[in-house]
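Worksheet: the structure to be examined is printed underneath.
Whatever order the structure lists them in is the order used to number ligands and atoms, beginning at 1.
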Amino acid sequence: MARRLSKRALFKDLGYEPHAGQLAVHLSKAPRRVLASGVRWGKTLCAAMEALAAALEPRERSIGWVVAPTYDLSERVFSQVVITAASHLRHRIVSLKEHEHRIVLRNMGGGLSEIRGKSADNPVSLLGEGLDFLIIDEASRLKPAIWESHLSQRLIDKKGWALLISTPRGKGWLYELWRRGQEQRDPAYESWNAPSWTNPRLDRELIEGERARLPERVFRQEFGAEFLEGSGSVFRYVREAATGSFQEPEGDQYYVAGLALAKVEAVAVSVVMNRKGEAVCVDRFHRLDWGLQVKRISAACERFNNASVLVDTTGAGEPIYEALRAAGCYVDPYPFTQRSKNSLINNLSLLLERRKLVIPRPELWPEGIEELEAFEYSVTEAGSVRTSAPSGIHDDCVIGLALAAWQFKNDPGPSRFIVLPNPWERRKERFQRR
Ligand SMILES: Nc1ncnc2c1ncn2[C@@H]1O[C@H](COP(=O)(O)OP(=O)(O)OP(=O)(O)O)[C@@H](O)[C@H]1O
Ligand SMILES: [Mg+2]
């Protein structure tokens, strides 16, 4: 058999220079390794390189899996394995079945080593063989049952090792594993915690830009790699903000309103807000009977001293927007894309965090409070932060409130693509012309 594999030498051959954090992970011999690091830290690259190094260890035969929570993510890790092998280890490739996510390499001892890429969203595919190693990318997004019942079981027969890499996501099952690796609680475990900025190749300016743009909690979890209690939820201080009541229009006040339409469900929600940031009126409509609803909305706006309404539109010529306009409403469109939606949600989140808004008390607006508390964020495969209601829960109240609150935004910031005239100024003009 050949000498033991030197990972440093191998990585050099592969053109991979691990940064200090990555190196610590590669040097670990613990049977269970847990790395909690921020986005863009180099998790996927680290996972792919560790898989290749493991496969090249001199063994008669070995098999390891590289697992990710979704098909897209698993493809990402596996293709990193394949690209690196194809460009630097071509002479070692015995077989490569890309569509099966399966590559077999001749290892340094002349034996055969197999790496398989797996997606955890198909648990049936996780049944079966005993493994020598298991590497999981974005592990915190796996359901705990997948680790417990499917994956950790695969390691028993061959006394295999596991490396779990992830951005933190609350204090769930991965946090518990991570904790075992801290302060020598369990000798089988080794764990690390590394914010994104410990990747020296990551642009510091980009990180600071994100810090300014994102709600504090999102940033602390996604970039700071902190395990935060109750995380996943986008809006904090919802209950603290829910101290208000519905109010009648006051003659000398200006109002703005948000109307949420972009939804498969036949429901729309409008939220009227005064200049103090108090949501003073909320209404829920069925989109079915539009003629009637347009009248109702325009009447409400008129009642609130001709409030300016911001409506989400999914495309040009949204009929409801046009109808409201024709009915004499002061209405502006907010074109909805994933990006513009993120800005809208971030703004609402920031205003809540800074205690700038008051919303009706939970007994007055139960569905609004429920939707706000359930709203969660996740980081997409491309690394951007996405926010949405969990499946089965509406988001119309959230969007309606966010559209009203958007009109408090003086600084267009990263959302320069939507430039609205300041509604308060316009409102004032209109008000004075009355
Ligand atoms: N040691 C390294 N040498 C060179 N480039 C690196 C290194 N580590 C990471 N990178 C680069 O940094 C970027 C982020 O790496 P990678 O995709 O592995 O990070 P990630 O933590 O998985 O990110 P995400 O949170 O988006 O999934 C990639 O362009 C990658 O090539
Ligand atoms: Mg990744």
Of all the atoms in ligand 1, which lie at a distance below 4.0 Å from a heavy atom belonging to [X]?
X	value
Glu17	1 (N), 2 (C), 3 (N)
Leu45	2 (C), 6 (C), 7 (C), 8 (N), 9 (C), 10 (N), 18 (O)
His19	1 (N)
Pro18	1 (N)

Nitrogen or oxygen atoms of [X] and ligand 1 under 3.5 Å apart:
X	value
Gln22	yes
Val39	no
Gly42	yes
Asp137	no

Show the nearest heavy-atom pair for residues Ala55 and Ser113, with the distance to one decimal.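 Heavy atoms only, the tightest pair is O-OG, 2.7 Å.
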Any luck finding a side-chain donor-acceptor pair between Glu138 and Thr167 under 3.5 Å?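 Result is yes, a qualifying pair exists.
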Do Thr44 and Asp137 get their side chains close enough for a donor-acceptor pair, meaning under 3.5 Å?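 Judged by distance alone, the side chains do pair up.
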Could you give all pairs that pass the side chain to side chain donor-acceptor pair (under 3.5 Å) test and reach residues 81-96, with sequence neighbours left out?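 Non-adjacent pairs meeting side chain to side chain donor-acceptor pair (under 3.5 Å): zero.
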Looking at [Y], is [X] sitting on its ring face, NZ or CZ under 6.0 Å from the six-membered ring centre and within 45 degrees of the normal?
X	Y	value
Arg355	Tyr237	yes
Arg33	Trp161	yes
Lys171	Tyr175	yes

At under 4.0 Å between heavy atoms, is it the side chain or the backbone of Arg201 that contacts ligand 1, or both, or neither?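 Within the 4.0 Å criterion, Arg201 contacts ligand 1 through side-chain atoms alone.
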